[in-house]
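Here is the structure we will look at, set down as structure tokens.
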Number of protein chains: 2
Amino acid sequence: MTDMLKQGSATAASRIYETLRQDLLNGRYRAGERLSITRLRETYQVGLSPLREALNRLAAYGLLRQENQRGFRVLELSREELADITEMRRQLEGRALELAVRHGDEEWESQLLAANHRLSLTDKRTFVVEWEQLHSRFHNALVAPCGSAWLLRFISQLHDQFDRYRRVAPRALELRHQLDAQHQELVDLALARDARRARELIEEHITLSSEVAMLSCRQA
Amino acid sequence: MTDMLKQGSATAASRIYETLRQDLLNGRYRAGERLSITRLRETYQVGLSPLREALNRLAAYGLLRQENQRGFRVLELSREELADITEMRRQLEGRALELAVRHGDEEWESQLLAANHRLSLTDKRTFVVEWEQLHSRFHNALVAPCGSAWLLRFISQLHDQFDRYRRVAPRALELRHQLDAQHQELVDLALARDARRARELIEEHITLSSEVAMLSCRQA
DNA sequence: CTAGGTCAAATAATCGATTATTTCTAGAAA
DNA sequence: TTTCTAGAAATAATCGATTATTTGACCTAG
């Protein structure tokens, strides 16, 4: 989806899709909230057709729920789903990182170092949106050379899902610091080509960030 | 998506989505073919808006590719992607079946027996479309109680992808017979609650059907 | 006072027409 | 002959208006 924006003229539908996706990830809309099409039209100053097309894509992607004749709703959050997403991320990202460590080349090492550097330079609390984007890019860079397009696709999708939970997570400074430290450790293990320990660490990393998110997630 | 049709009045968009999805799985359109919106409108006798919404959903789902200002194309087929899909299916369905065998209840056992019975009664060559549907349902039934909604979602998606390859597969009677026999074995292992061997068998099953499909898949 | 039903307002879905972009064709220049 | 460039035709994307469905308020019957 992202590369649509790069390659030449993006359509109104693609632009509003990306904007809405970002706003959904950043928690602009409450979980379970009904999205009035008329209101969205006014908010984003966009025509009806491209808006509806974007909403249809988001529903198929899993960020919205579509009920026939009753429009679109933001998906609900629940402890059960967070647990599900977390376990899936552990499986898929764990495997992907193992493969990436085996197959990644020098170019990958450079990208990884760069992504981690940019991330560590950005203050999480001052530049929330920017930090989230860099964080996503870092995790993407980690698994990028795993060799499986479908694995990467599912990982991105789960990452977007997970971000909605992360967005409501409490500060928990101690744990946050620990999570940040793990990013550096992940780079070290990747460069050392230690596939096994890299996998173990990313699984821990995912579990830990899930626990932070779980703190704020009301009982379902 | 399927339950939209059940619950009351389906919209035109939902109906055409499901129809198009089936036609894509059944190979009505060539791989890589450009889908002219005007022609689709005539073919399915449907309005422009619902049609475009359905196409947007299918693109987000991964059965179509959308190029801005240049409409929609059927996705290409390649040996590489088939290998990727196959490996993902092995991982995900293997794991799902293991979990399902552990957690499935008596109701599941009944559903499984029923699905397998219906499948074995239907002649593959006379009722192609019906057989494909029953085959999908059987595989769905197998993993249904795995406990993870996202795992099931990804498995269904990969199954749809795989079906496009299966559709172009050659007869290969000998192998087909072997694949059919495995369905019965899978039921037996499931009822015997042998999670490990069930997992091994479904992985073999997936690999074998992939090899059949690979026979007809031109070098990419 | 409540349950059920009807009508009006709100809103989602669809249609038909318009606009913008790409693709094709033909002609001109190198 | 080939390549580049209009111009025309085709087609994708968008808009504005219309239709269909749902929601909620109000009213009546029990």
Side-chain angles (χ1 to χ4, degrees), chain A residues 1-21 23-24 28-30 32-61 63-76, chain B residues 1-21 23-24 29-30 32-76:
Chain A
M1 286 292 161
T2 321
D3 44 10
M4 269 192 188
L5 304 178
K6 293 174 198 167
Q7 65 167 53
S9 49
T11 60
S14 293
R15 268 179 279 127
I16 186 62
Y17 169 86
E18 199 50 42
T19 307
L20 270 170
R21 177 171 156 273
D23 285 352
L24 286 166
R28 173 159 179 178
Y29 300 99
R30 289 191 318 278
E33 177 176 351
R34 214 164 137 279
L35 295 181
S36 156
I37 292 189
T38 320
R39 207 157 310 139
L40 290 176
R41 251 183 69 131
E42 289 163 7
T43 307
Y44 296 100
Q45 289 295 304
V46 71
L48 189 59
S49 312
L51 176 60
R52 286 193 59 88
E53 291 186 15
L55 292 171
N56 272 277
R57 288 188 213 177
L58 287 163
Y61 184 63
L63 283 174
L64 294 179
R65 195 155 54 86
Q66 181 167 25
E67 292 168 297
N68 283 336
Q69 319 286 14
R70 272 187 269 178
F72 298 84
R73 309 188 80 92
V74 180
L75 277 190
E76 291 75 14
Chain B
M1 287 292 161
T2 321
D3 44 10
M4 270 192 186
L5 304 177
K6 293 173 196 168
Q7 65 170 51
S9 49
T11 60
S14 293
R15 269 179 279 127
I16 186 63
Y17 169 86
E18 199 49 44
T19 307
L20 270 170
R21 176 171 156 273
D23 285 351
L24 285 165
Y29 300 99
R30 290 192 317 278
E33 178 177 351
R34 211 161 141 281
L35 294 182
S36 154
I37 293 189
T38 320
R39 207 158 308 140
L40 290 175
R41 251 183 69 130
E42 289 163 8
T43 308
Y44 295 100
Q45 289 295 304
V46 70
L48 189 61
S49 312
L51 175 59
R52 287 192 58 89
E53 291 185 15
L55 292 171
N56 273 277
R57 288 188 213 177
L58 287 164
Y61 184 63
L63 283 174
L64 294 180
R65 195 155 55 86
Q66 181 167 25
E67 292 168 296
N68 283 336
Q69 319 285 13
R70 275 188 268 177
F72 298 83
R73 309 187 79 92
V74 180
L75 278 190
E76 290 74 14

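The shown structure was predicted, so the numbers you read here are calculated from the model rather than taken from an experiment. Here is the naming used below: chain letters follow the sequence lines, and residue numbers restart at 1 for every chain.
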Atom-pair distance (CZ on A:Arg65; C1' on C:dA12), nearest Å: 16 Å
Ring geometry between B:Tyr29 and B:Tyr44 (parallel below 30°, tilted from 30 to 60°, perpendicular above 60°): tilted
B:Thr38 side chain, from C-beta outward: closest of C:dT11, D:dT14, D:dT11: D:dT11
Euclidean distance, atom CD of residue A:Gln66 to atom P of D:dT22 [Å, nearest integer]: 14 Å
Among C:dT11, D:dT11, D:dA13, the nucleotide that comes nearest once only the side chain of B:Ile37 is considered: D:dA13
d(CG, A:Leu64; P, C:dA12) in whole Å: 13 Å
Test side chain to side chain donor-acceptor pair (under 3.5 Å) applied to B:Arg41 - qualifying residues, sequence neighbours left out: none
Side-chain touch A:Val74/A:Arg30, heavy atoms, less than 4.5 angstrom: no
Interatomic distance where CD1 belongs to B:Ile16 and C1' belongs to C:dC15 [whole Å]: 16 Å
Close side-chain approach of A:Arg57 and A:Arg21, heavy atoms under 4.5 Å: no
Whole angstrom value for the distance that separates C1' of D:dT11 from CG of B:Asn68: 15 Å
Selection from D:dA12, D:dC15, D:dA13 that lies nearest to any side-chain heavy atom of B:Gln69: D:dA13
Non-neighbouring partners of A:Arg28 that pass salt bridge (Lys or Arg N to Asp or Glu O under 4.0 Å), sequence neighbours left out: A:Asp23
Interatomic distance, B:Ile37 atom CD1 to B:Arg52 atom CZ [nearest 0.5 angstrom]: 4.5 Å
Short side-chain N/O contact to C:dT23 OP1/OP2 from B:Arg70, under 4.0 Å: yes
Residue-phosphate contact under 4.0 Å: A:Arg52 side-chain N/O, C:dA13 OP1/OP2: yes
Spacing of B:Glu53 atom CD relative to D:dT14 atom P, expressed in whole Å: 13 Å
Closest listed nucleotide, where the reference is the side chain of A:Ala12 and the choices are D:dT14, D:dT22, C:dT14: D:dT14
D:dA12 OP1/OP2 closer than 4.0 Å to side-chain N/O of B:Arg34: yes
Distance, rounded to the nearest Å, where A:Phe72 contributes CZ and D:dT22 contributes C1': 16 Å
Worked verdict on A:Leu64 versus A:Leu24 for side chain to side chain contact (heavy atoms under 4.5 Å, CB included): CA-CA 9 Å; A:Leu64 294 179; A:Leu24 286 166; 4.0 Å; yes
Detail all sub-3.5 Å separations between protein N/O atoms and N/O atoms belonging to nucleotides 16-19 of chain C.
none

Nearest-Å distance for atom pair CG/P, residues B:Leu51 and D:dT11: 15 Å
